[in-house]
2 protein chains.
Amino acid sequence: MSYSYDYPHPAVTTDIVIFTIRQDELKVLLIKRALPPHQGAWALPGGFVNLDESLEEGARRELAEETGVSGVYLEQLYTFGRPDRDPRERVITVAYYALIPTDTIEIRAATDAEGVSWFGMNELPELAFDHREILDMAQRRLVDKLDYSTIAFQFMPKEFTLPELQQVYELILGEALDKRNFRKRILSLGLVMETGKERKAGAHRPAKLYRSIHPDRVEVIK
Amino acid sequence: MSYSYDYPHPAVTTDIVIFTIRQDELKVLLIKRALPPHQGAWALPGGFVNLDESLEEGARRELAEETGVSGVYLEQLYTFGRPDRDPRERVITVAYYALIPTDTIEIRAATDAEGVSWFGMNELPELAFDHREILDMAQRRLVDKLDYSTIAFQFMPKEFTLPELQQVYELILGEALDKRNFRKRILSLGLVMETGKERKAGAHRPAKLYRSIHPDRVEVIK
DNA sequence: AAGTATAGTGTGCTTTCTACACTAAGTCAA
DNA sequence: TTGACTTAGTGTAGAAAGCACACTATACTT
């Protein structure tokens with residue numbers, strides 16, 4: 001089967017930067033390319049957009065197919081279209097980034113360790129195509145959004161403690177935050193509520209568990 | 001001539017939202033569609049991306065071809081790709097927005113008044129495709145960026161007065177600003193310098209002329 | 001019962017934001 | 001030439017927000 005057009009058409013793909021927090025580190029999910037070009041190199045998950053699906057649907061589909069991840073926060077990042085970014089043909093990619101909670105059951109990265117793996121942002125391998133550029137922009141966007149939105153909540157499981165949330169902020173920002181000021185700020189947003197439960201985590205006072213009031217919404221603040 | 005591919009490819013276009021300030025109003029440049037679909041309807045300038053040009057180059061080329069505008073501030077806005085947004089075939093559009101200074105010599109909108117025209121944001125006609133959605137997002141982005149960047153400077157000619165700049169802010173935000181606080185804020189950025197000249201504009205004290213220190217840069221502030 | 005580890009809480013100082021009113025410098029008309 | 005008019009340009013004080021900082025509470029362990 002072949003598809004013909006009166007004038008040349010580029011290929012359109014989506015690529016997805018999937019962040020999570022594991023082992024006290026911001027990590028990104030990469031897949032090992034099985035085919036040329038860049039065979040054997042690590043790359044962002046993604047692929048061609050079908051004609052009957054929206055861009056976001058395409059991104060979610062690729063994400064599910066290649067990594068088993070679904071139902072996560074997904075946001076469009078930027079569209080990359082340098083003419084030479086793919087050696088095969090002209091390929092324009094609409095990049096998305098996704099945030100997945102820390103307690104998500106181990107995904108394909110664990111079971112199929114050959115082809116899919118988490119990488120810490122400080123131990124990145126060489127990436128295929130311009131994926132390094134995409135990843136860098138995603139990280140910048142994430143850091144920026146921490147300041148003026150509740151995007152960090154998307155990393156948290158349904159119930160979480162304030163020290164856990166603070167740790168997420170500190171990992172992404174790369175700096176320590178004052179505990180009291182952090183709590184004041186978060187609580188004053190009025191976007192988390194106590195569950196009444198506590199999390200016991202060792203030989204010390206247990207922390208109160210909270211949950212997000214609008215777990216699926218990312219709100220702009222301040 | 002015909003172009004064939006092993007699997008279906010969408011068409012990729014750029015559409016450009018061009019803002020300026022005229023007659024004390026935020027205006028956008030629209031073109032009247034000469035061909036179906038939506039023949040006779042107003043639409044954003046834009047068109048198909050060539051295979052040998054980047055997305056931004058494509059946007060600049062279309063902008064120049066259709067409106068005569070060039071050398072302006074251009075930023076990628078968002079990529080729109082609903083499967084049914086164009087009745088002919090699957091079309092994905094990478095939307096950009098452009099800001100042009102108020103003193104730019106009259107562009108094609110003036111000479112070819114049939115096909116190209118400025119519209120105030122409160123007197124918009126029905127727009128083709130999903131262009132209304134694109135335009136609304138561009139306006140939101142502009143309003144947001146006013147707060148944390150020097151994007152408004154892109155509306156100003158090489159030399160401008162602080163009251164003129166304030167008026168631009170007020171028009172876009174739709175609210176009055178305090179003159180003293182506004183001046184303090186702008187001057188404290190250290191991004192404008194006095195030219196030593198003044199603008200006489202009627203039967204009253206003349207205003208000092210300033211110019212931007214980095215006219216081509218949009219800086220993130222605060 | 002004492003030791004240890006993390007959770008949880010309040011205050012004062014500094015900086016930033018906001019509201020607000022008069023003088024300066026030009027033109028125009030009587 | 002002078003007074004009326006119009007817009008440009010300037011400072012300050014009170015309010016709010018941001019920031020630094022140290023001790024008590026509660027669990028577990030030995």
Side-chain angles (χ1 to χ4, degrees), chain A residues 21 23-24 102 143-144 146-150 152 156-157 159-171 173-211 219-222, chain B residues 21 23-24 102 144 146-150 152 156-157 159-171 173-212 219-222:
Chain A
I21 310 277
Q23 301 148 238
D24 294 343
T102 56
V143 170
D144 289 348
L146 268 202
D147 252 12
Y148 66 87
S149 82
T150 57
M156 308 311 291
E159 303 194 339
F160 56 89
T161 69
L162 293 188
E164 285 164 1
L165 182 62
Q166 181 174 349
Q167 203 187 138
V168 167
Y169 272 83
E170 290 178 336
L171 285 171
L173 294 174
E175 61 181 343
L177 300 176
D178 180 86
K179 202 201 316 188
R180 281 167 290 194
N181 294 337
F182 179 79
R183 297 177 145 257
K184 258 179 292 181
R185 196 154 56 84
I186 297 297
L187 293 174
S188 74
L189 297 175
L191 296 174
V192 296
M193 61 182 297
E194 293 190 21
T195 64
K197 290 180 276 182
E198 294 183 331
R199 170 164 295 158
K200 296 192 218 274
H204 54 82
R205 179 172 178 176
K208 289 185 191 168
L209 282 164
Y210 290 82
R211 70 158 178 272
E219 322 227 4
V220 173
I221 55 184
K222 251 192 331 174
Chain B
I21 310 275
Q23 299 148 239
D24 294 342
T102 56
D144 288 349
L146 225 47
D147 251 12
Y148 66 86
S149 82
T150 56
M156 309 311 292
E159 303 194 338
F160 56 89
T161 70
L162 293 187
E164 284 165 1
L165 182 62
Q166 181 173 352
Q167 205 188 136
V168 168
Y169 272 82
E170 290 178 336
L171 285 170
L173 293 173
E175 61 181 343
L177 300 176
D178 180 86
K179 200 200 318 187
R180 280 168 289 193
N181 295 337
F182 178 81
R183 298 177 145 256
K184 258 179 292 181
R185 197 154 56 82
I186 297 296
L187 293 175
S188 75
L189 296 176
L191 295 174
V192 296
M193 61 181 297
E194 294 190 21
T195 64
K197 289 180 274 184
E198 294 184 333
R199 170 164 295 158
K200 296 191 215 274
H204 54 81
R205 178 172 179 176
K208 289 183 191 168
L209 281 164
Y210 291 81
R211 70 160 178 272
S212 185
E219 322 227 3
V220 172
I221 53 183
K222 253 191 333 177

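Order of the sequence lines sets the chain letters (A, B, ...), proteins ahead of strands, with each chain counted from 1. All values reported here derive from a predicted model rather than from experimental measurement.
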K208(B) vs K222(A), nearer the 5' end of DNA chain D by closest nucleotide | K208(B)
Return the 5'-most residue of the pair P163(B), D178(B) with respect to DNA chain D, ranking by each residue's nearest nucleotide.
->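 The residue mapped nearer the 5' terminus is P163(B).
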Within the distance-only criterion (no hydrogens, no angle test), does the side chain of [X] pair as donor or acceptor with the backbone N or O of [Y] below 3.5 angstrom?
{"X": "T102(B)", "Y": "I21(B)", "answer": "no"}
{"X": "E170(A)", "Y": "L177(A)", "answer": "yes"}
{"X": "S188(A)", "Y": "R185(A)", "answer": "yes"}

Any chance you could list the contact pattern along nucleotides 21-30 of chain C? Use B for base contacts, S for sugar-phosphate-only contacts and - for none, protein heavy atoms under 4.0 Å, 5' to 3'.
-> B--BBBBS--
Please give, in whole Å, the distance from [N] [atom2] to [X] [atom1]?
{"X": "Y210(A)", "N": "dA7(C)", "atom1": "OH", "atom2": "P", "value": "12 Å"}
{"X": "L162(A)", "N": "dG8(C)", "atom1": "CG", "atom2": "P", "value": "7 Å"}
{"X": "I221(A)", "N": "dG18(D)", "atom1": "CD1", "atom2": "P", "value": "10 Å"}
{"X": "N181(B)", "N": "dA15(D)", "atom1": "CG", "atom2": "P", "value": "16 Å"}
{"X": "E164(B)", "N": "dT7(D)", "atom1": "CD", "atom2": "P", "value": "14 Å"}
{"X": "F182(B)", "N": "dT10(D)", "atom1": "CZ", "atom2": "P", "value": "14 Å"}
{"X": "I186(A)", "N": "dA7(C)", "atom1": "CD1", "atom2": "P", "value": "15 Å"}
{"X": "R183(B)", "N": "dT18(C)", "atom1": "CZ", "atom2": "P", "value": "19 Å"}

Distance in Å, [X] [atom1] paired with [Y] [atom2], rounded so as to fall on 0.5 Å steps:
{"X": "Q166(B)", "Y": "L171(B)", "atom1": "CD", "atom2": "CG", "value": "10.5 Å"}
{"X": "R183(B)", "Y": "N181(B)", "atom1": "CZ", "atom2": "CG", "value": "12.0 Å"}
{"X": "I186(B)", "Y": "Y169(B)", "atom1": "CD1", "atom2": "OH", "value": "4.5 Å"}

